[in-house]
Structures are given as C-alpha cells and as structure tokens.
Asker: 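Structure provided below as structure tokens; questions to follow.
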Amino acid sequence: QVQLVESGGGLVEAGGSLRLSCAASGRTFSIYDMGWFRQASGKEREFVAVIRWRGGSTYYADSVKGRFTISRDNAKNTVYLQMNSLKPEDTAVYYCAADEGVGFTTNPDYWGQGTQVTVSS
C-alpha cells in the first residue's frame, strides 16, 4: 500500500500562486506515476498533471498547461504542484494520486484525502 498526504491548499486571489505538496509513504518503490486530479463543486473529478516517478517526464491537462508545473523530489518521496496565474475556475478540491502501472489518467491505484484550493475573483 501507498499512503498519500497533501498539503498547501488555501485561499488566494485571482492571478496569485499556490504550491501543493504530496508526500508518499509505504510501498513507494512501486510507484510508476504520481500526480494530481481536481474536483470542483458539482462537477466530475478531472485530471490535472502527472509525472513519471523514474525519468521525470510530465503531462498536463490543456486547462492548466503553461500555468501549472509538476515536479518531484525522489529523496523525499514528494510531488509538488506549483500553480501560477490562478483563475476562479481553478477552485476545487485537489487530490494527489499515484499508480503502479500505466493507468494513472483513468484509474489511479492510490488517492490522498484532498486539499481545498479557492481562488477569489
């Protein structure tokens, strides 16, 4: 099992920045991909960004490309999401997720508890 704990959410004005962190513990050696989803009130959960644990390649949703940056610190078993130029439509609960194979964007194996990000206009 892998446990994921997010931190760094909060309230920010439009145009501002936040950095989310996700610390993994447990069977971290089994992680293949790790990243973020989000779910706005009344909407379905959507993919945001993912990073390959070994190699570091990244992939982003079109809605955040150029504004968000995902990175990792393998020594700390931690993934980060730097969010810049935030918009009110970025308001959501952000979930960290991890997968042991290639199914990250469809059905990750592990989920964090979520952290609220609110962007005021």
Side-chain angles (χ1 to χ4, degrees):
Q1 293 287 332
V2 173
Q3 294 78 43
L4 304 173
V5 178
E6 303 103 331
S7 61
L11 173 64
V12 65
E13 292 185 352
S17 299
L18 279 176
R19 189 176 82 154
L20 305 182
S21 300
C22 177
S25 60
R27 288 171 45 95
T28 56
F29 61 86
S30 68
I31 295 174
Y32 188 73
D33 283 335
M34 194 163 164
W36 300 89
F37 286 72
R38 67 186 181 185
Q39 187 168 19
S41 180
K43 296 187 177 181
E44 293 188 355
R45 191 174 299 185
E46 64 175 0
F47 165 78
V48 175
V50 62
I51 188 165
R52 185 63 40 87
W53 199 243
R54 294 175 182 82
S57 58
T58 59
Y59 180 68
Y60 297 91
D62 287 343
S63 58
V64 306
K65 202 172 294 182
R67 299 188 298 122
F68 291 11
T69 302
I70 189 170
S71 62
R72 78 203 191 292
D73 184 332
N74 292 62
K76 296 182 178 180
N77 292 325
T78 298
V79 165
Y80 305 97
L81 186 68
Q82 178 66 42
M83 305 185 292
N84 298 329
S85 302
L86 283 161
K87 306 174 181 179
E89 50 264 43
D90 294 316
T91 295
V93 177
Y94 283 70
Y95 295 91
C96 179
D99 197 81
E100 295 182 348
V102 295
F104 183 89
T105 55
T106 54
N107 188 24
D109 296 314
Y110 305 103
W111 293 92
Q113 80 284 357
T115 185
Q116 177 70 47
V117 171
T118 303
V119 185
S120 62
S121 57

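For clarity, every value in this text was computed on a predicted model and none was experimentally measured.
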Asker: Quick one about Tyr32 and Arg52 (side-chain donor to acceptor, distance below 3.5 Å, no hydrogens or angles considered), yes or no?
Answerer: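 Looking only at side-chain atoms, Tyr32 and Arg52 do form a donor-acceptor pair, the distance falling under 3.5 Å.
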Asker: What is the minimum heavy-atom distance between Leu86 and Leu18, and which atoms define it?
Answerer: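 Heavy-atom minimum between the residues: CD1-N, 3.8 Å.
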Asker: Could you check whether any side-chain heavy atom of Leu81 comes within less than 4.5 Å of a side-chain heavy atom of Thr69, counting everything from C-beta outward?
Answerer: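 A side-chain contact is absent here, since even the closest heavy-atom pair is not under 4.5 Å.
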Asker: Between Asp62 and Lys65, does any side-chain N to carboxylate O distance fall below 4.0 Å?
Answerer: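 Counted as a salt bridge, because a side-chain N and a carboxylate O are separated by less than 4.0 Å.
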Asker: With respect to Phe37, which candidate in Tyr95, Phe104, Tyr110 satisfies the ring pair (Phe, Tyr, Trp, His ring centres under 6.0 Å) definition?
Answerer: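 Of all the options given, the one that passes is Phe104.
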Asker: Just checking, any donor-acceptor pair under 3.5 angstrom between side chains of Gln113 and Glu6?
Answerer: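 Distance-only check passes for Gln113 and Glu6.
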Asker: Distance from Lys76 atom NZ to Thr28 atom OG1, nearest 0.5 Å?
Answerer: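 That separation rounds to 15.0 Å.
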Asker: How long is the gap from CZ on Arg67 to CD on Gln82, to the nearest 0.5 Å?
Answerer: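 The distance works out to 12.0 Å.
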Asker: Please give me the minimum heavy-atom distance between Asn107 and Asp99, naming the atom from each residue.
Answerer: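 Scanning both residues completely, I find the closest heavy atoms to be O-OD1, 3.5 Å.
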Asker: Let me confirm one number: the OG-CD distance from Ser25 to Gln3, rounded to the nearest 0.5 Å.
Answerer: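 Taking OG in Ser25 and CD in Gln3, the distance rounds to 4.5 Å.
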Asker: With heavy-atom distances below 4.5 Å as the criterion, would you say the side chains of Met83 and Val64 are in contact?
Answerer: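 They are not in side-chain contact.
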Asker: Ala92 and Gln116: which non-hydrogen atoms are nearest, and at how many Å?
Answerer: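 For Ala92 and Gln116, the tightest heavy-atom pair comes out as O-NE2, 3.4 Å.
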Asker: Calculate, to the nearest 0.5 Å, the distance between atoms OG1 and CG belonging to Thr91 and Leu11 respectively.
Answerer: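 The distance works out to 8.5 Å.
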Asker: Are there more than 12 heavy atoms of other residues, nucleotides or ligands under 6.0 Å from atom OH of Tyr59?
Answerer: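 Count not over threshold, so no.
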Asker: Begin from the C-alpha positions of Trp36 and Leu20 and carry the test side chain to side chain contact (heavy atoms under 4.5 Å, CB included) through to its verdict.
Answerer: CA-CA 10 Å; Trp36 300 89; Leu20 305 182; 3.6 Å; yes
Asker: Examine Val93 and Val50 and state if one hydrophobic cluster contains both, with Ile, Leu, Val, Met, Phe, Trp and Tyr joined whenever side-chain heavy atoms are less than 4.5 Å apart.
Answerer: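 Yes, Val93 and Val50 fall within the same hydrophobic cluster.
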Asker: Between Glu13 and Ser120, do the side chains contain an N or O donor and an N or O acceptor separated by less than 3.5 Å?
Answerer: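 Per modelled atom types, Glu13 and Ser120 side chains form no pair under 3.5 Å.
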Asker: For the hydrophobic clusters of this structure (ILVMFWY residues joined by side-chain heavy atoms under 4.5 Å, transitively), does one cluster hold both Phe47 and Leu4?
Answerer: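 Each belongs to a different hydrophobic cluster.
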Asker: Looking only at non-hydrogen atoms, find the nearest pair between Cys96 and Met34 and report the distance.
Answerer: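 Where Cys96 meets Met34 most closely, the heavy atoms are SG-CE, 3.9 Å.
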Asker: Pair Ile51, Val79 - check side chain to side chain contact (heavy atoms under 4.5 Å, CB included), show working.
Answerer: CA-CA 8 Å; Ile51 188 165; Val79 165; 4.1 Å; yes
Asker: Would you say the side-chain atoms of Ser17 and Asn84 include a donor-acceptor pair closer than 3.5 Å?
Answerer: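 Note: Ser17 and Asn84 side chains meet the donor-acceptor criterion.
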Asker: Please evaluate residues Ser30 and Val2 with respect to the criterion side chain to side chain contact (heavy atoms under 4.5 Å, CB included), reporting the C-alpha separation (whole Å), side-chain torsions for both, the decisive distance (0.1 Å), and the verdict.
Answerer: CA-CA 8 Å; Ser30 68; Val2 173; 4.0 Å; yes
Asker: Return the minimal non-hydrogen interatomic distance between Trp53 and Asn74, and the atom names on each side.
Answerer: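 Heavy atoms of Trp53 and Asn74 come nearest at O-ND2, 3.1 Å.
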Asker: Report yes or no: do Arg38 and Tyr94 form a side-chain donor-acceptor pair below 3.5 Å?
Answerer: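 There is such a pair between these side chains.
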Asker: Hey, does Val48 have a side-chain heavy atom less than 4.5 Å from the side chain of Phe68?
Answerer: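 Phe68 vs Val48: side chains touch.
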Asker: Work out which heavy atom in Pro88 is nearest to a heavy atom in Ser121; give both atom names and the distance.
Answerer: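 Closest heavy-atom pair between Pro88 and Ser121: CG-CB, 3.8 Å.
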Asker: If we ignore hydrogens and angles and just use 3.5 Å, is the side chain of Asn77 paired with the main-chain N or O of Ala23 as donor and acceptor?
Answerer: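 Not confirmed, Asn77 side chain does not pair with Ala23 backbone.
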Asker: Decide side chain to side chain contact (heavy atoms under 4.5 Å, CB included) for Val102 and Asp33; before the verdict, give the C-alpha distance in whole Å, the side-chain angles of both, and the deciding distance to 0.1 Å.
Answerer: CA-CA 7 Å; Val102 295; Asp33 283 335; 5.7 Å; no
Asker: Drop me the distance from Arg72's CZ to Cys22's SG, to the nearest 0.5 angstrom.
Answerer: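 Arg72 CZ to Cys22 SG: 14.5 Å, rounded to 0.5 Å.
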Asker: Side-chain heavy atoms under 4.5 angstrom apart, residues restricted to Ile, Leu, Val, Met, Phe, Trp, Tyr: same cluster for Ile31 and Trp111?
Answerer: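 Different clusters.
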